[in-house]
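Read the structure below first, then the notes.
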Amino acid sequence: MAKRITNRADDYSQWYLDVIKEAKLADHSPVRGCMVIRPNGFSIWEKMKAALDTMFKETGHENAYFPLFIPKSFLSREAQHVEGFAKECAVITHSRLKSVDNGVEVDPESKLEEELIVRPTSETIIWDAYRGWIQSYRDLPILINQWANVVRWEMRTRLFLRTMEFLWQEGHTAHATEQEAVEETLQMLEVYRTFAEEYMAMPVITGVKTESERFAGAVDTYCIEALMQDGKALQAGTSHFLGQNFAKAFDVKFQDRDGEHKYVWASSWGVSTRLIGGLIMTHSDDNGLVLPPKLAPVQVVVVPIYKNDEEKLAVAEYAAELITRLKHSGISVKYDDRENYKPGWKFAEHEAQGVPVRVAIGPRDVQNGNLEVARRDTLEKNIRPMEGAAESIAELLETIQNEMLQRARQRMNEATRITDSYHDFKRTIEDGGFIYAHWDGTADTETLIKEETKATIRCIPLDDFAEPGHCMVTGKPSARRVLFARSY
RNA sequence: CGGGGCGUGGCGUAGUCCGGUAGCGCACUCGGCUGGGGGCCGAGGGGUCGCAGGUUCAAAUCCUGUCGCCCCGACCA
């Protein structure tokens with residue numbers, strides 16, 4: 001078999017690129033740092049969207065849409081926020097082109113009076129709108145989400161993980177009380193955790209970011225952190241408690257029950273197409289993409305095998321029966337009857353594309369009332385009866401979904417260590433993985449560790465590892481262990 | 001912004017050092033044999049070698065400039 005995908009062990013980042021290429025998830029675009037998301041990739045995103053959107057609706061949120069362009073002046077309203085995003089904003093300065101001899105150029109006469117920023121995130125324009133919507137406590141809470149694209153002018157990009165333009169959702173909520181806004185922030189964090197585990201089969205650690213990793217403009221940034229196969233951590237989603245920062249910056253007040261005018265409390269939360277990168281690096285192998293059934297564009301592919309027209313017909317009829325039953329059970333299935341490819345070729349292709357279950361049907365199977373069923377995740381093949389196939393395959397899909405999570409969790413656990421010795425930390429961080437250790441809570445120590453080991457504090461975990469101890473670097477007291485890793 | 005690499009049919013590349021008919025694999029078209037893990041044989045079509053200058057009888061190859069992309073680091077989701 002011609003090997004088109006680099007082995008993970010040889011070159012992990014080349015492997016990652018090869019998987020994306022072979023699974024036809026995305027292409028590099030003519031513009032540096034941007035990507036074309038191909039149908040296979042976009043279909044995964046659509047599945048993610050559908051599941052998340054349902055979860056958002058179930059927790060009381062509504063979708064809305066705010067503009068792509070933000071007046072430059074808005075960005076300067078919240079001091080921390082400006083600082084965080086100023087260096088990576090695309091700025092629109094002109095409104096038209098004009099024809100010249102060999103093409104077009106910017107028409108200098110079309111210079112804008114106020115330049116526009118292509119949104120790197122929408123807090124500012126949304127809070128500007130909220131000011132007009134909120135007067136009374138009766139107008140609260142506002143629970144809005146938007147599905148959108150954003151642009152961040154990144155220096156270094158990587159397909160799905162960090163592109164200059166990416167797709168995401170951003171929730172923006174406004175509340176009458178601090179407690180309610182904090183509860184919202186934590187609730188959405190939990191939604192993300194649930195989604196990552198139940199749909200992506202990607203276990204995550206939840207926690208709160210240190211000041212240096214906090215979202216610009218937030219009081220607290222909560223996150224879900226996943227561990228990739230190469231031992232690097234990936235921030236897979238964030239949920240921010242914004243306090244009254246944006247309410248103050250955009251003068252959003254409400255009159256409370258007690259008649260007092262008060263600033264509104266806020267949260268924002270988001271996940272992006274980066275999740276697809278996380279999905280790839282959590283499950284895929286040297287043969288290509290491996291997808292959890294709940295997010296697979298096609299859950300079952302049926303490949304017919306035949307030598308002549310007679311066999312072809314018999315197989316097709318048999319397959320049609322199976323496909324009807326699978327569809328009836330709510331399973332998405334594709335019949336791959338392309339004439340121009342041989343079965344072996346199709347097997348390899350569907351494997352590269354991560355189709356969770358492959359069913360091969362040949363004359364022998366028709367004869368014996370069987371199916372050959374192969375699992376993408378374990379590459380196991382077995383023969384099972386046509387009778388009850390829809391049920392048994394539905395069950396198999398569930399098994400695959402569950403076992404993928406179990407395996408990923410086991411891998412994460414095996415790559416997670418605890419240490420009290422900085423010497424030990426420096427040594428073991430080389431192997432990748434998560435390390436729980438004590439930290440004195442200062443930015444100086446955090447920076448020192450980063451400089452010496454390239455590891456950062458991924459989060460301060462919410463529940464676990466709360467026992468007090470002493471900072472592994474300075475020996476100063478520490479209330480709890482924090483989670484370290486090298487990260488994407 | 002630093003370091004490295006690469007631009008040659010749709011894709012992947014050889015050729016570049018040492019200038020002289022642009023080659024190979026995959027894909028594509030046609031015909032046939034095939035078909036339970038990326039099949040085989042035969043016949044075809046397709047490239048102004050990233051771009052712009054220069055040197056030369058002659059440039060993918062040498063010189064100058066320029067554009068772009070990828071990878072690795074520093075910054076970020």
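Per chain, numbering begins at 1; letters A, B, ... match sequence-line order.
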Looking just at side-chain N and O atoms, do [X] and [Y] make a donor-acceptor pair shorter than 3.5 Å?
X	Y	result
A:E123	A:S268	yes
A:Q146	A:S122	yes
A:E184	A:H61	yes
A:W147	A:D53	yes
A:R162	A:T157	no
A:T121	A:R119	no
A:D18	A:Q14	yes
A:W269	A:S267	yes
A:R364	A:N370	no
A:N63	A:N145	yes

Reckon [X] touches a base, only the sugar-phosphate, or nothing at all at heavy-atom distances under 4.0 Å?
X	value
A:F166	base
A:K381	base
A:E372	base
A:S272	base
A:T163	base

Whole-Å [atom1] distance, [N] and [M]:
N	M	atom1	result
B:U21	B:C62	P	16 Å
B:U16	B:U61	P	12 Å
B:C6	B:G46	C1'	24 Å
B:A58	B:G15	P	26 Å
B:A14	B:G7	C1'	15 Å
B:C51	B:C26	C1'	28 Å
B:G53	B:C72	P	36 Å
B:G12	B:G50	P	14 Å

Worksheet, complete the sentence: Its contact letters, B for base, S for sugar-phosphate only and - for none at protein heavy atoms under 4.0 Å, make nucleotides 65-72 of chain B read ----SSSS

Just the atom pairs and distances: protein N or O near nucleotides 28-35 of chain B's N or O, under 3.5 Å.
{"residue": "B:G35", "atom": "O2'", "partner": "A:Y306", "partner atom": "O", "Å": "3.3"}
{"residue": "B:G35", "atom": "N9", "partner": "A:Y306", "partner atom": "O", "Å": "3.3"}
{"residue": "B:G35", "atom": "N7", "partner": "A:K307", "partner atom": "O", "Å": "3.2"}
{"residue": "B:G35", "atom": "O6", "partner": "A:K307", "partner atom": "O", "Å": "3.3"}

To the nearest angstrom, how far is [X] atom [atom1] from [N] atom [atom2]?
X	N	atom1	atom2	value
A:E349	B:C11	CD	P	18 Å
A:W345	B:G36	CH2	P	15 Å
A:E123	B:A77	CD	C1'	12 Å
A:R214	B:C76	CZ	P	14 Å
A:Y192	B:A77	OH	P	14 Å
A:Y488	B:A77	OH	P	17 Å

Worksheet item: If you find the nucleotide of RNA chain B closest to A:G362 and the one closest to A:R274, which residue's nucleotide is nearer the 5' end?
Response: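 Here A:G362 is the residue nearer the 5' end.
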
Practice prompt. Return the 5'-most residue of the pair A:A216, A:G344 with respect to RNA chain B, ranking by each residue's nearest nucleotide.
Written response: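 Taking each residue's closest nucleotide, the earlier one in sequence belongs to A:G344.
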
Worksheet item: Is there side-chain contact between A:I280 and A:Y16, with heavy atoms separated by less than 4.5 Å?
Response: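 Counting from C-beta outward, A:I280 and A:Y16 do come under 4.5 Å.
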
[X] side chain to [Y] backbone, donor-acceptor under 3.5 Å:
X	Y	answer
A:D285	A:N287	yes
A:R486	A:T453	yes
A:S239	A:Y222	no

Fill in: A:F74 six-ring centre to A:R77 NZ/CZ under 6.0 Å and within 45° of normal
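A:R77 over A:F74 ring: yes.
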
Item to complete: Consider the side chain of A:A348, meaning its heavy atoms from C-beta on, and name the nucleotide among B:G36, B:C76, B:G37 that approaches it most closely.
Response: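 Of B:G36, B:C76, B:G37, B:G37 is nearest to the side chain of A:A348.
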
So which protein nitrogen or oxygen atoms get under 3.5 Å of nucleotides 4-7 of chain B's nitrogens or oxygens?
none

Fill in: Intra- and inter-strand pairs of RNA chain B in dot-bracket (Watson-Crick or G-U wobble, both distances under 3.5 Å; | for another strand)
((((((((.[[[[.)....(..]]]].((((((.....)))))).....[[[[[..)....]]]]])))))))....

Worksheet entry | Ring centroid separation A:F66 to A:H172 under 6.0 Å |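 Ring centres of A:H172 and A:F66 not closer than 6.0 Å.
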
Worksheet item: Where does the angle between the aromatic ring planes of A:Y341 and A:W345 fall among parallel (under 30°), tilted (30 to 60°) and perpendicular (over 60°)?
Response: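 Because their plane-to-plane angle is under 30°, the rings of A:Y341 and A:W345 count as parallel.
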
Practice prompt. Tell me which residues in residues 145-154 of chain A put a heavy atom below 4.0 Å from RNA chain B, sorted by number, or none.
Written response: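 Contacting residues: A:R152, A:E154.
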
Taking only distance into account, with no hydrogens and no angle test, what donor-acceptor pairs under 3.5 Å do side-chain atoms of residues 443-452 of chain A form with protein atoms, sequence neighbours excluded?
{"residue": "A:T445", "atom": "OG1", "partner": "A:D440", "partner atom": "OD1", "Å": "3.1"}
{"residue": "A:T445", "atom": "OG1", "partner": "A:D440", "partner atom": "OD2", "Å": "2.8"}
{"residue": "A:T445", "atom": "OG1", "partner": "A:T442", "partner atom": "OG1", "Å": "2.8"}
{"residue": "A:E446", "atom": "OE1", "partner": "A:S212", "partner atom": "OG", "Å": "3.3"}
{"residue": "A:E446", "atom": "OE2", "partner": "A:T210", "partner atom": "OG1", "Å": "2.6"}
{"residue": "A:E446", "atom": "OE2", "partner": "A:S212", "partner atom": "OG", "Å": "2.9"}
{"residue": "A:T447", "atom": "OG1", "partner": "A:A443", "partner atom": "O", "Å": "2.8"}
{"residue": "A:E452", "atom": "OE1", "partner": "A:Y422", "partner atom": "OH", "Å": "2.8"}
{"residue": "A:E452", "atom": "OE1", "partner": "A:K426", "partner atom": "NZ", "Å": "3.4"}

